[in-house]
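Below: one structure, written as structure tokens.
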Amino acid sequence: MENCMLQKPRGTRDFLPAEMEQRRAVERTMRETAARWGYGEVCTPTFEEIELFTLRSGEGIIQEMYAFEDKGGRMLSLRPEITASVLRMYVNEGRMLPKPVRWCYYADCFRYERPQKGRYRQFWQFGVELIGADTAAADAEVIMVASDILAGSGVTFDLHVGHLAPMKHLLSGLENGIQRRMMAYLDKRDFEGLRVFCETAGAAGRYDALVALPECRTVEELRDLCGNLPELSRIEDVVGILDAEGLTYTPDFGIARGLDYYTGMVFEAFAENLGAENQICGGGAYRLAYLFGGEDVPSCGFAIGFDRVLVSLGEVAGSRPVVTSVLYTPAARQQAFAVARQFRAADLRAEMNLIDRGIGAQMKHAAKTADFAIVLGERECQTGTVTLRNLHSGEQRECTVDDAIAGVKAFGSC
RNA sequence: GCCGGGGUGGGGUAGUUGGUUAUCCUAGGGGAUUGUGGUUCCCCCGACCCGGGUUCGAAUCUCGGCCCCGGCCCCA
């Protein structure tokens, strides 16, 4: 019999109600936090023309996407991320909006990768994009929104804030491919690998400055290392805002953030309990809109790895709404439906017994699934009352439906 | 794509020098109890990931595949 049972696709998960309650609760606080900063939620298609994703990242990523041809011969892909879609949407229908535009999203993404801890083939991202503001205040706001949302979710995290200008300066003049390799070593803090690579690339003279970069904590130290770069005043301005607001973070100018479209400020957040995939948030300032046919609008945003946040939070026994189970004898069925309806109208959870069985068996079931039982039989029907039983204490009384509703409400949540 | 560890009822497990009816707990269903549960007792349900090979005989040995866990690569 098990032979024919279908399995879920690799890297996907099923969520039972208890886990969904937790996921929805975290999701709700993230949305509410973003909303308080003025970010309105948007929704984009689950699949897009494949070009949207290859334009910025190259053809190479096709093998890591769920790409397919539809019946009209269009090359499409399930979205591997949301930022590209949001910027496409901005170019399509957001350009006439007053700037800056503040948008957020929560949606699932799909990547054909090898699953491991905190990495799935279907995973959820919560993200924010601030479009049309290229200022220190904009950089600082996005960082603070990320920090606010993460803190609100309850996760413990380290926030690293950096800027690409110092690193780019130290690598300037080198061939593009060599720069990328060096950035990768630096981003991974593989100093030994970087040293060897610098020597073989004939750039051993740059090693000392490069390894000093991740240690820089102040703009003064950056100035000593890189000279008086024009971007330093912007960095100074951003950290000034963050410090004045009392944000907890670590300045980190060793962040490389993978791809080229990041233009300035970059930041990342890391959490515990997550093994190799411990980054729960990444973002920065970028320019993408021009790729999709829009003007070259400056943007800034981040994405949170929602599933990783939940892995890091672990299993939390959140409070659960009180459940009332409605039990009845056959003759009282209609009355039971009516009582259950009144409970629901009062915003309480009521579950009807649906199986033909005696009160004893119904009570046995209710004891496992509910906090209160309503019993309806001949007596209650004749007097127009219900019997309300507290399944935790065993206390029981016969009263009106309104009294029963008031009694359950007074109990609070579990 | 690569490396390592795994896969026994729904969940958790015992069992592998190859041997008869695969162990225990739990969950689920029913009963003792036809208007009062959680305890107890009894009963039922239900598994060796899939396929090939070796063998008289495979959960056990072997090969391949699938899936899970962790790591590498990658990480938009």
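Reminder, nothing fancy here: chain letters follow the sequence lines and each chain counts from 1. What you see is a predicted model, and the numbers here were worked out from it, not measured in a lab.
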Please state the [atom1] separation for the pair [N] and [M] - nearest whole angstrom.
| N | M | atom1 | result |
| --- | --- | --- | --- |
| B:G46 | B:U8 | C1' | 12 Å |
| B:C61 | B:G7 | P | 10 Å |
| B:G57 | B:G52 | P | 14 Å |
| B:C56 | B:G18 | P | 15 Å |
| B:G1 | B:A59 | P | 31 Å |
| B:G29 | B:G9 | C1' | 15 Å |
| B:U60 | B:U54 | C1' | 14 Å |
| B:C48 | B:U21 | P | 15 Å |

Rounded to the Å, how far apart are [X] [atom1] and [N] [atom2]?
| X | N | atom1 | atom2 | answer |
| --- | --- | --- | --- | --- |
| A:Arg119 | B:C69 | CZ | P | 13 Å |
| A:Phe270 | B:C75 | CZ | P | 14 Å |
| A:Tyr112 | B:C75 | OH | P | 19 Å |
| A:Ile62 | B:A76 | CD1 | P | 18 Å |
| A:Phe53 | B:C75 | CZ | P | 17 Å |
| A:Tyr120 | B:C75 | OH | C1' | 16 Å |
| A:Leu291 | B:A76 | CG | P | 16 Å |
| A:Tyr66 | B:A76 | OH | C1' | 16 Å |

Rounded distance (nearest 0.5 Å) linking atom CG of A:Asp371 with atom OG of A:Ser393: 11.0 Å
Under a 4.0 Å heavy-atom cut-off, which of residues 81-94 of chain A touch RNA chain B? A:Glu81
Residues two or more places apart in sequence or in another chain: which of them pass salt bridge (Lys or Arg N to Asp or Glu O under 4.0 Å) with A:Arg74? A:Asp70
Mind checking salt bridge (Lys or Arg N to Asp or Glu O under 4.0 Å) for A:Glu231 and listing every partner two or more places apart, or none if nothing turns up? none
So what does A:Glu277 touch, heavy atoms closer than 4.0 Å: a base, only the sugar-phosphate, or nothing? base
Within the 4.0 Å heavy-atom criterion, would you say A:Gln362 contacts the bases, only the backbone, or no part of the nucleic acid? nothing
Expected string for nucleotides 35-41 of chain B under the B/S/- scheme (protein heavy atoms, under 4.0 Å, primed atoms plus P, OP1, OP2 as sugar-phosphate) is BBBB---
Produce the list of close N/O pairs, under 3.5 Å, pairing protein atoms with atoms of nucleotides 66-68 of chain B; give distances to one decimal.
residue: B:C68; atom: OP1; partner: A:Gly11; partner atom: N; Å: 3.0
residue: B:C68; atom: OP2; partner: A:Arg10; partner atom: NE; Å: 2.6

Let's test this: given Watson-Crick or G-U wobble pairing with both distances under 3.5 Å, identify the partner of B:G64. B:C50
Determine which nucleotide pairs with B:U33, using a 3.5 Å limit on both distances of a Watson-Crick or G-U wobble pair. none
A:Lys188 side chain, from C-beta outward: closest of B:C73, B:G71, B:A76: B:C73
Just distance, no hydrogens or angles: give the donor-acceptor pairs under 3.5 Å from side chains in residues 166-178 of chain A, sequence neighbours left out.
residue: A:His169; atom: NE2; partner: A:Cys226; partner atom: O; Å: 3.1
residue: A:Ser172; atom: OG; partner: A:His169; partner atom: O; Å: 2.8

Looking at the rings of A:Tyr112 and A:Tyr66, which for Trp means the six-membered one, are their centres under 6.0 Å apart? yes
Does the ring centre of A:Tyr185 sit less than 6.0 Å away from the ring centre of A:Phe197? yes
Grab the two heavy atoms, one from A:Arg234 and one from A:Thr135, that are nearest each other, plus how far apart they are. NH2-O, 3.2 Å
Residues which pass side-chain contact (heavy atoms from CB on, under 4.5 Å) with [X], listed by chain and number, not counting sequence neighbours:
| X | value |
| --- | --- |
| A:Gln63 | none |
| A:Val101 | A:Tyr90, A:Leu97, A:Lys99, A:Trp103, A:Ile131 |
| A:Arg357 | A:Asn353, A:Ile355, A:Ala361, A:Gln362, A:His365 |
| A:Thr29 | none |

Taken in chain and number order and not counting sequence neighbours, the residues that satisfy ring-ring contact (aromatic ring centres under 6.0 Å, His included) with A:Phe372 are A:Phe411
Residues passing the ring-ring contact (aromatic ring centres under 6.0 Å, His included) test with A:Phe15, sequence neighbours excluded, are A:Trp124
